[in-house]
Engineer: 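My questions all concern the structure below.
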Amino acid sequence: AGGVFAIADAHKFGDFSPYLFESTDGGRSWRSIAGDLPDGTILWAIQQDHLNPDLLFVATEYGIYASPNRGEGWYKLGGSPTIAFRDLVIHRRDEDLVGATFGRGFYVLDDYGPLREMADGALEGEGTLFGVGDAWWYIPSVPGQALGRPTQGSTAWVAPNPSFGATFTYWLAEVPRTGREARRATERELREEGADVPFPGYETLRAESLEGEPMVLLLVRDARGEAVRWVRGPAREGLHRVTWDLRRPAPDPIDLATPGFIPPWATDPQGPLAPPGEYQAQMYLLTGGELQPVGEPQNFNVRPVPTADADFAAVAAFQAETAELARQIAGAGETLGDVQNRLRHMSAALLEAPRADPSLFQRMDGLGERVAELSLRLFGDRVRGGLNEPSVPSISGRVGNVQYGHWETRQMPTETQRRDLEIARTGFAELRSELAAFISGQLLEVERALEAAGAPWTPGRPLGGG
């Protein structure tokens with residue numbers, strides 16, 4: 001009670017010094033809290049944090065500054081442009097700092113809560129995961145043209161919204177050097193001293209080539225302590241932010257290829273949304289194959305928007321069930337693709353093996369027909385599909401319809417979706433057994449026959465014929 005701040009401006013008299021004062025007795029006495037604000041910095045507005053009274057923000061002619069110690073020291077907020085900020089507002093619900101500029105629009109620092117912890121000494125350790133604010137759970141609207149764009153075009157400029165999900169802010173005082181980085185630092189010091197730089201030796205260079213880069217990983221767990229998702233962040237010294245999109249891992253097979261072109265509407269593979277509830281995040285540093293926890297775990301909540309009304313746990317359970325079946329089907333699809341690749345190479349190798357039994361040609365045709373039949377059941381009739389003719393739904397098609405029709409909704413699955421998933425599960429169980437038996441039986445027997453006939457090596461053939 002009785003606290004008040006005052007800003008004075010004398011630049012019209014040729015005085016560009018920053019003038020900032022505080023009174024704790026209703027204006028009877030004042031003290032300067034301009035601290036180390038740079039000379040020539042004109043001040044326009046001030047805001048005080050509603051939870052930590054020592055955390056102050058000022059809008060200046062050249063950006064926004066923050067003080068963690070009630071004006072003793074000031075730091076310019078990184079990312080704020082060097083332009084005139086004329087007003088500041090704190091959005092208390094989301095803990096956002098909003099700055100209004102002179103003719104250059106508005107700027108928002110989303111969730112400045114970590115600054116409050118920094119003011120309390122959170123940067124004194126080796127690393128810290130700051131408190132995580134509540135994340136709103138909803139189904140994001142994605143226009144068809146491109147992410148964040150209307151369907152009429154992509155020429156108008158708009159600023160991006162905050163990332164959807166739970167945002168993690170963390171600090172690393174330092175990151176262990178790799179062997180190569182440590183060696184190069186030592187060599188650099190030797191060169192600066194004018195000393196000879198010795199050859200490190202082949203064993204050292206070989207060990208360096210096998211060493212992985214450090215990684216920062218954040219593990220999200222649910223209220224039961226079960227792991228939900230790994231979130232990867234930058235492994236560099238300093239302050240960083242990453243966001244968990246509230247989704248479980250995608251069921252798609254890993255594809256490390258880099259496409260030459262990515263359309264603007266394309267996204268990375270996505271898993272189903274995790275349900276609202278209580279979660280926990282723990283930061284880890286992976287170096288030299290060892291995973292070490294850094295800082296304390298942080299609890300946070302995922303809250304549904306007020307308009308949401310559904311059995312979120314039941315919806316999430318069904319979507320997780322769909323994702324698991326989709327993961328297994330995708331794996332079977334990749335296996336079928338590998339088998340087809342093996343058959344193509346085996347057919348070519350057979351022509352280079354004149355000592356092979358002629359019956360192998362017929363057996364190869366039989367293998368191809370069997371793979372085609374399995375592919376038809378898993379992926380559908382591509383011949384009929386290519387002619388825009390209807391056909392019996394495939395195993396993957398049924399699951400895909402459930403993914404497409406249910407993963408972007410908060411409603412319970414329909415009876416058709418439940419039936420599709422059950423039909424697909426039953427059909428896939430049979431197909432998976434038949435595919436495994438085919439690979440370990442007929443396919444392997446022909447590969448052994450090719451090996452015995454001296455055919456050139458083909459992908460997937462066991463060394464020495466198995």
Side-chain angles (χ1 to χ4, degrees), residues 51 91-96 110-114 116-117 128-142 161-170 216-233 240-252 267-284 291 293-327 402-414 417-418 421:
L51 296 180
H91 191 293
R92 294 192 176 190
R93 185 195 67 188
D94 296 334
E95 297 197 333
D96 295 343
D110 299 311
D111 184 15
Y112 71 83
R116 191 181 297 130
E117 297 182 53
T128 299
L129 173 62
F130 296 100
V132 183
D134 290 350
W136 288 110
W137 189 98
Y138 57 93
I139 306 298
S141 175
V142 181
N161 287 322
S163 299
F164 170 76
T167 297
F168 306 134
T169 306
Y170 62 93
V216 167
L217 298 171
L218 296 109
L219 181 61
V220 178
R221 296 182 182 274
D222 60 20
R224 296 173 297 179
E226 295 183 0
V228 176
R229 185 80 179 272
W230 281 113
V231 179
R232 184 174 179 179
H240 306 282
R241 267 187 168 172
V242 292
T243 299
W244 171 44
D245 61 2
L246 307 186
R247 293 184 179 274
R248 299 182 183 276
D252 305 57
T267 62
D268 293 332
Q270 291 184 335
L273 284 165
E278 298 177 356
Y279 290 88
Q280 184 184 84
Q282 171 69 62
M283 179 169 62
Y284 293 89
L291 196 64
V294 179
E296 297 297 323
Q298 297 292 341
N299 298 319
F300 64 99
N301 294 306
V302 176
R303 299 183 182 277
V305 293
T307 57
D309 183 16
D311 188 346
F312 301 110
V315 171
F318 180 80
Q319 292 177 348
E321 184 182 354
T322 305
E324 174 57 22
L325 184 56
R327 184 189 68 84
V402 175
Q403 289 178 268
Y404 180 80
H406 190 249
W407 279 17
E408 298 303 321
T409 179
R410 60 197 186 203
Q411 305 302 319
M412 292 294 291
T414 65
Q417 290 168 337
R418 293 180 185 276
L421 194 66

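Since the model is a prediction, treat every value here as computed from it, not as a measurement.
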Engineer: Under 6.0 Å from the six-membered ring centre of Phe318 and within 45° of its axis: does the NZ or CZ of Arg418 meet both?
Structural biologist: yes
Engineer: Could you tell me which residues satisfy salt bridge (charged side-chain N to carboxylate O under 4.0 Å, His left out) with Asp252, sequence neighbours excluded, listed by chain and number?
Structural biologist: none
Engineer: With heavy-atom distances below 4.5 Å as the criterion, would you say the side chains of Asp245 and Arg229 are in contact?
Structural biologist: yes
Engineer: Measure across Gly133 and Phe300 and return the closest heavy-atom pair with its distance rounded to 0.1 Å.
Structural biologist: O-CB, 4.2 Å
Engineer: Looking only at heavy atoms, what is the nearest atom pair of Phe130 and Pro114, with distance?
Structural biologist: CG-CB, 3.8 Å
Engineer: Any donor and acceptor pair, going by atom type alone, linking the side chain of Asp222 with main-chain N or O of Arg224 inside 3.5 Å?
Structural biologist: yes
Engineer: Using a 3.5 Å distance criterion without hydrogens, assess whether the side chain of Trp137 forms a donor-acceptor pair with backbone atoms of Ala274.
Structural biologist: yes
Engineer: Does the side-chain contact (heavy atoms from CB on, under 4.5 Å) test come out yes or no for Leu273 and Phe312, once each step is laid out?
Structural biologist: CA-CA 10 Å; Leu273 284 165; Phe312 301 110; over 6 Å; no
Engineer: May I ask you to decide if Asp110's main-chain N or O and His91's side chain share a donor-acceptor pair within less than 3.5 Å?
Structural biologist: no
Engineer: Kindly determine whether Tyr138 and Phe164 satisfy ring pair (Phe, Tyr, Trp, His ring centres under 6.0 Å), including the steps that lead there.
Structural biologist: CA-CA 9 Å; Tyr138 57 93; Phe164 170 76; 4.9 Å; yes
Engineer: Short question: side chain of Glu117, backbone of Gly131 - any donor-acceptor pair under 3.5 Å?
Structural biologist: yes
Engineer: Taking the side chain as C-beta and beyond, is there a heavy-atom pair between Thr322 and Trp407 under 4.5 Å?
Structural biologist: yes
Engineer: Evaluate the side-chain proximity of Leu291 to Leu217: yes if any heavy-atom separation is below 4.5 Å, no if none is.
Structural biologist: yes
Engineer: Measuring only between side-chain heavy atoms, which start at C-beta, is Trp136 closer than 4.5 Å to Pro276?
Structural biologist: no
Engineer: Short question: side chain of Asp111, backbone of Gly113 - any donor-acceptor pair under 3.5 Å?
Structural biologist: yes
Engineer: If we only count heavy atoms from C-beta on, is the Arg410 to Val305 side-chain gap below 4.5 Å?
Structural biologist: yes
Engineer: Please name the pair of heavy atoms, one in Leu129 and one in Thr169, separated by the smallest distance, quoted to 0.1 Å.
Structural biologist: CD1-O, 3.5 Å
Engineer: Nearest heavy-atom pair of Gln280 and Pro297: which atoms, and what distance?
Structural biologist: CD-CB, 3.6 Å
Engineer: Could you go through Thr167 and Val242, starting from their C-alpha distance and side-chain angles, then the distance that decides it, and tell me whether this counts as side-chain contact (heavy atoms from CB on, under 4.5 Å)?
Structural biologist: CA-CA 6 Å; Thr167 297; Val242 292; over 6 Å; no
Engineer: Within the supplied structure, the quantity of interest is the number of heavy atoms (other residues, nucleotides, ligands) at a distance under 6.0 Å from Glu324 CD; does it exceed 12?
Structural biologist: yes
Engineer: Any non-hydrogen side-chain atom of Pro272 less than 4.5 Å from a side-chain atom of Gln403?
Structural biologist: no
Engineer: Could you tell me whether the side chain of Tyr279 reaches within less than 4.5 Å of the side chain of Val228, counting heavy atoms only?
Structural biologist: yes
Engineer: For the CG atom of Asp134 and the CZ atom of Arg93, what is their distance to the nearest 0.5 Å?
Structural biologist: 11.0 Å
Engineer: Residues in salt bridge (charged side-chain N to carboxylate O under 4.0 Å, His left out) with Glu95, at least two apart?
Structural biologist: Arg116
Engineer: Taking His406's backbone N and O only, do any of them form a donor-acceptor pair with Gln319's side chain (distance below 3.5 Å, no angle check)?
Structural biologist: yes
Engineer: For Glu408, enumerate each residue passing the salt bridge (charged side-chain N to carboxylate O under 4.0 Å, His left out) test, keeping only those at least two apart in sequence or located in another chain.
Structural biologist: Arg247
Engineer: Spell out, as yes or no, whether a donor-acceptor pair under 3.5 Å connects the side chain of Thr409 to the backbone of Gln411.
Structural biologist: yes
Engineer: If you compare all heavy atoms of Tyr112 against all heavy atoms of Asp96, which two are closest, and at what distance to 0.1 Å?
Structural biologist: CD2-C, 3.9 Å
Engineer: Do the non-hydrogen side-chain atoms of Val216 and Tyr170 ever get within less than 4.5 Å of each other?
Structural biologist: yes
Engineer: Looking at Ala281 and Phe168, what are the two nearest heavy atoms and their distance?
Structural biologist: CB-CE2, 3.8 Å
Engineer: Hey, mind stepping through Tyr284 and Leu218 against side-chain contact (heavy atoms from CB on, under 4.5 Å) and telling me if it holds?
Structural biologist: CA-CA 6 Å; Tyr284 293 89; Leu218 296 109; over 6 Å; no
